[in-house]
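All remarks here apply to the structure that follows.
Note that ligands are numbered from 1 as they come in the structure, with each ligand's atoms numbered from 1 the same way.
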Amino acid sequence: MKKKVIIANWKMNHDFYETTSYLRNLLKIIYENKIHHKKKIIIAPSFPFLHISNQILQGTTLSIAAQNIHQMENGSYTGEVSASMLRSIGIKKVILGHSERRKYFTETNDILIKKIKISLKYGFHIIFCIGETGIDRKKEEHFFTVKKQLEKTIFHFSLEKINSFIIAYEPIWAIGTGNTASPEVVQLMHQYIRSLFLNKYGETVSNDLSILYGGSINDMNARDLFLQKDIDGGLVGNSSLQMKNFLKIIQS
Ligand code: PGA
């Protein structure tokens with residue numbers, strides 16, 4: 001049985017004190033309630049707190065992910081953070097392809113390929129986000145959009161690299177809007193995504209692949225989503241900011 005993966009994407013939220021106290025409290029409750037073996041829990045805080053966060057979770061079953069990585073090795077890219085810098089503080093996971101980065105920081109598929117390459121070179125596990133816009137869905141082009149996103153990014157990589165990926169299906173119309181996609185809608189898309197991996201890489205890869213859902217997950221809808229056959233967990237934004245809510249989602 002694959003373990004469910006629950007990721008908290010804090011985006012540009014939580015200062016030093018909020019980050020460290022959240023993590024210490026979360027750890028305590030998760031271990032007291034013995035849920036640390038049952039789920040894979042990953043937290044993605046902001047860059048300045050990755051080091052301390054990683055130290056707090058050291059030796060536990062929880063882990064830390066970065067929210068971004070720059071596509072170049074190093075050099076004159078003011079304000080950017082490289083893969084080797086993150087590895088030097090022990091970070092081994094990164095979120096790439098998030099729709100907010102595609103939209104506000106114009107991350108194209110070509111840039112994403114470079115980001116994937118450098119992340120793989122430094123041994124990162126990649127949580128890769130894909131998902132259609134509301135317009136795509138209205139036009140019934142959602143399957144096509146998702147297929148194209150995969151073909152133009154991950155599908156450039158060979159079979160041996162694919163176990164470094166977790167897919168997060170995040171329909172853009174559902175992110176931060178309160179409009180969660182229904183479990184049936186998500187299940188259909190996840191089944192489709194798995195079939196694309198089956199055709200491209202074969203049965204073992206497609207069976208082993210974790211496909212998470214993201215987009216207005218909360219403690220009320222998480223359980224029904226996670227019960228679906230092809231939903232292997234969630235990428236949680238807003239509802240991960242309060243520890244109480246996030247814990248309820250983990251326990252769903
Ligand atoms: P949300 O964000 O849960 O606030 O919709 C999800 C995400 O952007 O990963």
Side-chain angles (χ1 to χ4, degrees), residues 4-14 18-19 22 26 39-47 49-50 53 62-69 93-107 112 115-116 119 124-137 142 145-146 149-150 153-154 165-183 185-187 189-190 193 210-226 228 231-252:
K4 289 264 189 265
V5 183
I6 317 286
I7 306 177
N9 176 12
W10 287 352
K11 309 187 181 182
M12 200 173 70
N13 294 290
H14 289 334
E18 289 159 344
T19 299
Y22 184 127
L26 180 71
K39 313 266 161 71
K40 240 189 212 173
I41 300 163
I42 303 171
I43 314 285
S46 293
F47 276 136
F49 315 126
L50 288 176
S53 299
L62 285 72
S63 60
I64 293 293
Q67 296 175 18
N68 183 29
I69 262 180
K93 298 185 175 79
V94 63
I95 299 174
L96 292 179
H98 194 283
S99 60
E100 285 155 15
R101 295 220 49 98
R102 293 184 198 243
K103 181 177 170 190
Y104 300 123
F105 305 95
T106 53
E107 282 186 8
L112 285 170
K115 288 188 179 225
I116 292 172
S119 302
F124 279 84
H125 277 91
I126 300 167
I127 299 126
F128 195 79
C129 307
I130 51 176
E132 81 282 359
T133 63
I135 294 172
D136 291 334
R137 189 160 276 271
H142 43 289
T145 301
V146 162
Q149 284 173 340
L150 287 172
T153 55
I154 296 185
F165 287 95
I166 288 176
I167 300 297
Y169 167 58
E170 298 207 308
I172 295 166
W173 49 272
I175 296 177
T177 58
N179 299 326
T180 326
S182 72
V185 161
V186 181
Q187 167 57 28
M189 181 58 90
H190 282 213
I193 294 169
S210 288
I211 309 176
L212 316 185
Y213 167 73
S216 300
I217 296 184
N218 58 42
D219 54 325
M220 305 294 285
N221 58 34
R223 191 180 148 74
D224 286 343
L225 285 161
F226 297 164
Q228 300 295 315
I231 305 183
D232 302 310
L235 178 52
V236 190
N238 271 327
S239 296
S240 72
L241 293 177
Q242 299 286 331
M243 194 190 66
K244 267 192 197 150
N245 294 340
F246 188 54
L247 264 172
K248 281 191 199 153
I249 293 171
I250 291 172
Q251 285 167 318
S252 297

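Taking the six-membered ring for Trp and thresholds of 30 and 60 degrees, His190 and Tyr213 have ring planes inclined between 30 and 60 degrees apart.
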Walk me through whether Leu112 and Arg102 qualify under side-chain contact (heavy atoms from CB on, under 4.5 Å). CA-CA 9 Å; Leu112 285 170; Arg102 293 184 198 243; 3.6 Å; yes
For residues 245-252, run the donor-acceptor check on the side chains, cut-off 3.5 Å, and write out each pair with its distance to 0.1 Å, sequence neighbours left out.
from	atom 1	to	atom 2	distance (Å)
Ser252	OG	Lys248	O	2.9
Ser252	OG	Ile249	O	3.3

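Contact shell of ligand 1 (protein heavy atoms, cutoff 4.0 Å): Asn9, Lys11, His98, Glu170, Ala174, Ile175, Gly176, Gly215, Ser216, Leu235, Val236, Gly237, Asn238.
Sorted by first then second residue, the salt bridge (Lys or Arg N to Asp or Glu O under 4.0 Å) pairs that include residues 233-246, not counting sequence neighbours, number zero. Sorted by first then second residue, the side chain to side chain donor-acceptor pair (under 3.5 Å) pairs that include residues 214-225, not counting sequence neighbours, are Thr180-Asn221, Asn218-Asn221.
Residue Ile172 comes nearest to Gly131 through the heavy atom pair CD1-O, 3.9 Å, listed as atom of the first residue, atom of the second, then distance.
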